[in-house]
Number of protein chains: 2
Amino acid sequence: MIRAHADTTNKETIMASEQIENYIKNIYKLSSNEGKVTTSSLSEKLQISPASVSEMIKKLAEERTLTHTPYKGVELTEEGKKLALRIIRKHRLWEMFLVEVLHFRWDEIDDEAERFEHIMSDTMEEKIDHVLGHPNIDPHGDPIPTRDGEIHCTMSYPMIESHPGMRVRVLRVSDSNSDLLKYVSSIGITLNKQIRIKQKMSFDNSLLVVINKKEINISSTIAENIFVETIEKE
Amino acid sequence: MIRAHADTTNKETIMASEQIENYIKNIYKLSSNEGKVTTSSLSEKLQISPASVSEMIKKLAEERTLTHTPYKGVELTEEGKKLALRIIRKHRLWEMFLVEVLHFRWDEIDDEAERFEHIMSDTMEEKIDHVLGHPNIDPHGDPIPTRDGEIHCTMSYPMIESHPGMRVRVLRVSDSNSDLLKYVSSIGITLNKQIRIKQKMSFDNSLLVVINKKEINISSTIAENIFVETIEKE
DNA sequence: TTATAAATTTAGGTTAACCTAAATTTATAT
DNA sequence: ATATAAATTTAGGTTAACCTAAATTTATAA
Ligand SMILES: [Mn+2]
Ligand SMILES: [Mn+2]
Ligand SMILES: [Mn+2]
Ligand SMILES: [Mn+2]
């Protein structure tokens, strides 16, 4: 049996299990990235069979965390979105804490946060937020939602879309692959680092850039996962 | 399904589930407090029916975490003891961390640690130990086992056994009741606090003591849960 | 020493969250 | 328009960890 950490009954809300929280969080993420959320996209993301996902969706629809149009897709209700943002907040606050206080590297923290987001009490969420001075981004540059579900996205675009001559600043790096994060920092890229784009290679779409006065070639895959803002147009 | 956080396979050891870890930890605690561990004492402690406990014991005996003499009781194997101490270490390190870094009070931390002890990775255990400067007691004065299972108990006795005229120092307070902890600190008792015993009341076994120059009466129940060492005999 | 009481184990059943295989619905390509 | 393919749902089954009730073993008290 999985027992929730707080009282499982809270007026009308029933505490969600760890697995249910993972479903909700990932539905939120898929919908804000791709728009529509299907059984198969969730199945793919959670690495759970489509049949199991379909079952769980039915259950979540019954308890009004989301709406389900059979064979079409799902959408979180307001209640569901609120829950999702709360889980994401805990995840990102905890990542920040791991980096700032326990000196983990940004490529080591996602797995830890993936578990801890479900365990963290509201009290602890507050204390961590306080100790960190109410940060608004996590170590990968992702925005940390406020306690009541506001989320402010920074305006950034994938570096792959930048043009030669530009100077850009790194605002976010996709946290989906820890090896990518490790590599990215090994070539000197951190949040807020400034980068000059020298050349775009037509044969493979890679970029020739200058970081810390050194020229480096960045593959298109990597350039798609680094999000920047423009500092200087040419 | 409960999925363990690390690889569930580690050469020959299979990662224990959260519930199994709770069984193991509490068997260890019962055996070091009472000596023998029976189905009913465990059932009582874990608040799980004797039937379920009996089943689980059978399972743990099969995988050699403990030995079981049916109708008699259980005893942890060396392997089991090691595991228990590791969980206790994580629990107590985390309690220390909550108090020192997140400024929780000593009466707020047990529930948090109860969940976190199962979630903490070995890496995190190390980082926390390091940030805290390798503490050897937790916020309640309980010893923190080393990573390889050494545990050094301080020599202390329940304050109820002290005699008028003595000066004692608080080395440990039982963490089993958070209201007791809250009350104890409200009357000025913390770890290392010095207390002078003035009188022992014969009618109810309570103690009249001096703390911070103030006279206070301490009930026998409380005096049984505060552990001290003698500083001055008379 | 035997009868009753207490502790323990076994039997049979539930629930959440998964799975594979089969059935159904929707999409796509001639 | 229809046949095939893909996506989704339903059916039926598993496992861990619990439960209550019944059976068994051990302890205790007349
Ligand atoms: Mn998670
Ligand atoms: Mn992140
Ligand atoms: Mn626990
Ligand atoms: Mn403690």
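Protein chains get the first letters and strands the later ones, always in sequence-line order, with residue 1 at the start of each. Remember, predicted model here, so these are calculated numbers, not experimental data.
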Give me, pair by pair, the N or O atoms of the protein and of nucleotides 26-28 of chain D that are less than 3.5 Å apart, along with how far apart they are.
unit_1	atom_1	unit_2	atom_2	d
D:dA27	OP1	B:K72	NZ	3.3

Please state how far atom [atom1] in [X] lies from atom [atom2] in [N], giving the value in whole angstrom units.
X	N	atom1	atom2	result
B:K36	C:dT8	NZ	P	8 Å
B:E21	D:dA16	CD	P	16 Å
A:K59	D:dT10	NZ	C1'	17 Å
A:L46	C:dA17	CG	P	13 Å
B:I24	D:dA17	CD1	P	11 Å
A:I48	D:dT8	CD1	P	16 Å
B:N22	D:dA17	CG	C1'	13 Å
A:I57	D:dA7	CD1	C1'	12 Å

> When the nearest nucleotide of DNA chain C is assigned to B:E55 and to A:A51 on a heavy-atom basis, which residue is associated with the more 5' position?
Replying inline: B:E55
Carboxylate-amine/guanidinium contact [X] [Y], below 4.0 Å:
X	Y	answer
B:K81	B:E78	yes
A:R64	A:E79	no
B:E108	B:R105	yes
A:K25	A:E117	yes

> Which distance, rounded to the nearest 0.5 Å, do you find between the CD1 of B:I88 and the CG of B:D142?
Replying inline: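 If I round to the nearest 0.5 Å, the distance is 9.0 Å.
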>> Can you tell me how far apart CZ (A:R172) and CD (A:E229) are? Round to the nearest 0.5 Å.
In response: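 Answer for the CZ-CD pair, A:R172 versus A:E229, is 13.0 Å.
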>> Tell me whether A:K90 forms a cation-pi arrangement with A:F116, defined as NZ or CZ under 6.0 Å from the six-membered ring centre and within 45 degrees of its axis.
In response: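 No, A:K90 does not sit over the ring of A:F116.
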Would you indicate, yes or no, if [N] has its OP1 or OP2 atom less than 4.0 angstrom from a side-chain nitrogen or oxygen of [X]?
X	N	value
B:S54	C:dT9	yes
A:S40	D:dT8	yes
B:H68	C:dT9	yes
A:S49	C:dC18	no
A:S17	C:dA17	yes
B:T39	C:dA7	no

> Nearest to the side chain of A:Y23 - C:dC18, D:dT8, C:dT10?
Replying inline: C:dC18
> If pairing requires Watson-Crick or G-U wobble contacts with both distances under 3.5 Å, which nucleotide is the partner of D:dA23?
Replying inline: C:dT8
>> Could you identify the nucleotide paired to C:dT14, looking across every strand shown and requiring Watson-Crick or G-U wobble geometry with both distances under 3.5 Å?
In response: D:dA17
> Do A:H140 and A:D110 meet the criterion of a side-chain donor-acceptor pair at a distance under 3.5 Å?
Replying inline: no
>> I'd like to know if A:Q19 reaches the base of C:dC18 with its side chain such that a donor and an acceptor end up less than 3.5 angstrom apart.
In response: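 Such a pair does not exist between side chain and base.
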